[in-house]
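Computed over heavy atoms, backbone and side chain alike; hydrogens, waters and symmetry mates excluded. Sequence lines set the chain letters: A, B, ... in the order given, protein chains first and strands last, and positions in each chain run from 1.
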Number of protein chains: 2
Amino acid sequence: MMTEHPQRRTTRQRTAIGEFLAHAGDFRTAQQIHEQLRMGGDRVGLATVYRTLQSMAEGGEVDTVRTADGESAYRRCTTSGHHHHLVCRSCGRTEEIMAKAVEAWAATIAAQHGFTDVTHDVELYGLCARCGATSTR
Amino acid sequence: MMTEHPQRRTTRQRTAIGEFLAHAGDFRTAQQIHEQLRMGGDRVGLATVYRTLQSMAEGGEVDTVRTADGESAYRRCTTSGHHHHLVCRSCGRTEEIMAKAVEAWAATIAAQHGFTDVTHDVELYGLCARCGATSTR
DNA sequence: GTCTTCATGAGAATGATTATCGATCACAAC
DNA sequence: GTTGTGATCGATAATCATTCTCATGAAGAC
């Protein structure tokens, strides 16, 4: 009744990935995580990184977004529950955003068109204050 | 005086892809377009499909979205200008949506966080009225 | 028709993600 | 501490969408 993850073991690798994400503030791709863990001395296989991130995403422990070129990037959620992101397209800094207004809007629109079981995907991209000053886009 | 695209030739292949998109109502991936053109007797290379879609996307002639597994899908815009989509995750039917409210919201949020040059990505996914009745998700 | 230049396409290359599968390790029971 | 068992790991091969290469073909200008 309380075992949500019947068989989920605590391994060195999973711990390492979890801690890495806890420190990294913003989104990282599986490849980046793999490389940086290696450089940090943690010996973790690439396949394991992918597997772990996937299961963490299923469990709602991390957020997932797609980068412009189609790669998946992951981030430890700091806000529980549903939220969106404002990502700097230059430095990757990310702000988590909650907006009831958008949720309500989405629900309304969906209903108007007869859609049910609706989810949505809302991401904002821009240049953060620091990058905006120097960027050439 | 009227050549908006200095060097953009009208070829059999580009015409075929354009017409295909005009008929297809919803989003199609490059692979699908390629396969279906072939089956329809049009001899078009896969690379050409990708190239053409890319240039059409740049020119704002088609919309682009990412499917759940990271593939790009394209659709002939029926609405000019900026808009969003409401996509049925079962049958792929798509509705184009315009929402000033969301635009305004995005701009406001961005400004609050000091972000500039902001774009956004808003897609709604659900089950359309027809699919909703039978689907098991 | 001729010429110049862009477009095409078959196949190779790239790069992220997933699958394979024997070796290894976590952890509960003894 | 030992042991048994099954989940997990990881090196590498396999997949698969997308991009690149470059010789050949076709559009448009004259």
Okay, side chain of [X], backbone of [Y]: is any donor-acceptor separation there less than 3.5 Å?
X: Arg12(B); Y: Arg43(B); result: yes
X: Arg28(B); Y: Leu21(B); result: no
X: Arg14(B); Y: Arg9(B); result: yes

By nearest atom, which of the nucleotides [options] is closest to the [X] side chain?
X: Thr11(B); options: dT8(C), dT18(D), dA11(D); result: dT8(C)
X: Arg14(B); options: dT8(D), dG9(C), dA7(C); result: dA7(C)
X: Arg9(A); options: dG28(D), dG6(D), dC20(D); result: dG6(D)
X: Thr10(B); options: dG9(C), dT8(D), dG28(D); result: dG28(D)

Is the shortest side-chain N/O distance from [X] to OP1 or OP2 of [N] below 4.0 Å?
X: Thr29(A); N: dA16(C); answer: no
X: Gln31(A); N: dG15(C); answer: no
X: Tyr50(A); N: dT17(C); answer: yes
X: Arg43(B); N: dG9(C); answer: no

Please report the distance, rounded to the nearest Å, between [atom1] in [X] and [atom2] in [N].
X: Arg38(A); N: dC9(D); atom1: CZ; atom2: P; result: 14 Å
X: Glu58(A); N: dT18(C); atom1: CD; atom2: P; result: 11 Å
X: Leu53(A); N: dC9(D); atom1: CG; atom2: C1'; result: 15 Å
X: Glu35(A); N: dG15(C); atom1: CD; atom2: P; result: 13 Å
X: Asp69(A); N: dC20(D); atom1: CG; atom2: P; result: 12 Å
X: Gln13(A); N: dA26(C); atom1: CD; atom2: P; result: 8 Å
X: Ile33(A); N: dA16(C); atom1: CD1; atom2: P; result: 14 Å
X: Arg28(A); N: dT17(C); atom1: CZ; atom2: P; result: 15 Å

### Message
Quiz question: by atom type and distance under 3.5 Å, do the side chains of His84(A) and Glu103(A) form a donor-acceptor pair?
### Response
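Side-chain D/A pair, His84(A) to Glu103(A): present.
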NA contact type, [X], heavy-atom cut-off 4.0 Å: base, sugar-phosphate, or nothing?
X: Arg51(B); answer: base
X: Thr48(B); answer: base
X: Ser72(A); answer: sugar-phosphate
X: Gln54(B); answer: sugar-phosphate

### Message
Tell me which one of Asp63(A), Asp26(A), Thr94(A) satisfies side-chain hydrogen bond (donor to acceptor under 3.5 Å, both in side chains) with His85(A).
### Response
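By the side-chain hydrogen bond (donor to acceptor under 3.5 Å, both in side chains) criterion, His85(A) pairs with just one of Asp63(A), Asp26(A), Thr94(A): Asp63(A).
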### Task
Determine whether Leu124(B) and Trp105(A) make a side-chain contact, defined as any pair of heavy atoms from C-beta on separated by less than 4.5 Å.
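Yes, at least one pair of side-chain atoms sits under 4.5 Å.
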### Query
How do Glu71(B) and Arg12(B) order along DNA chain D: which one's closest nucleotide is nearer the 5' end?
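Nearest-nucleotide comparison on DNA chain D picks Glu71(B).
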